[in-house]
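Taking it in order: structure first as structure tokens, then the write-up.
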Amino acid sequence: MGSNSVMENSQDIERRLLDLEVKASFADDLLEQLNQIIVRQQQQIDRLQRELADLRQQQAPEGGAQWRSLRDELPPHY
């Protein structure tokens, strides 16, 4: 194995290592973006759950009866 072959092998390893570092950097960026999306979606879910609970409370009859699903109101032939 000549010194030229060793140098080519070293350059190949260097190039491959640089490619892996670039890919890892992109993967880190993507992971951070996905984490931010998940945080926003969880905040939306929490807000929607609070709004739904508020709507259910507003629709509850004065007698204290539980909220009922519209499916409970389907005629018997369904």
Side-chain angles (χ1 to χ4, degrees):
M1 193 184 247
S3 66
N4 198 20
S5 177
V6 170
M7 183 176 258
E8 287 176 11
N9 190 31
S10 175
Q11 289 174 345
D12 183 53
I13 291 173
E14 181 95 14
R15 179 187 53 78
R16 291 172 58 196
L17 181 59
L18 182 60
D19 288 347
L20 288 172
E21 288 173 342
V22 168
K23 287 179 181 180
S25 177
F26 280 118
D28 284 345
D29 289 344
L30 179 60
L31 183 60
E32 180 60 31
Q33 290 174 16
L34 292 173
N35 281 335
Q36 290 173 5
I37 289 169
I38 290 171
V39 167
R40 282 194 311 268
Q41 286 179 338
Q42 186 61 53
Q43 290 169 343
Q44 283 181 313
I45 289 169
D46 292 342
R47 181 180 48 82
L48 290 170
Q49 285 177 330
R50 285 190 304 270
E51 288 178 14
L52 180 60
D54 290 345
L55 288 172
R56 284 181 175 167
Q57 187 176 7
Q58 290 173 11
Q59 294 298 317
E62 292 298 319
Q66 289 292 330
W67 177 84
R68 292 176 45 183
S69 169
L70 291 179
R71 290 201 174 276
D72 296 338
E73 303 297 323
L74 288 176
H77 63 278
Y78 275 91

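Please read all numbers here as calculations on a predicted model, not as lab measurements.
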Q | All side chain to side chain contact (heavy atoms under 4.5 Å, CB included) counterparts of Gln11, not counting sequence neighbours | A | Met7

(Q) My understanding is that only residues two or more places apart in sequence, or in another chain, count here; which of them pass salt bridge (Lys or Arg N to Asp or Glu O under 4.0 Å) with Glu51? (A) Arg47

Under 3.5 Å, which donor-acceptor pairs link side chains of residues 16-36 to any protein atom two or more places apart or in another chain?
from  : atom 1 : to    : atom 2 : distance (Å)
Glu32 : OE2    : Gln36 : NE2    : 3.2
Asn35 : ND2    : Leu31 : O      : 3.4

**Q.** Value rounded to 0.5 Å, distance of CG in Leu52 from CD1 in Ile45
**A.** 13.0 Å

**Q.** Sole residue of Asp12, Val6, Asn4 in side chain to side chain contact (heavy atoms under 4.5 Å, CB included) with Glu8
**A.** Asn4

(Q) Holding to side-chain hydrogen bond (donor to acceptor under 3.5 Å, both in side chains), I want the full list of residues that pass it with Asp46, two or more places apart in sequence or in another chain. (A) Gln42

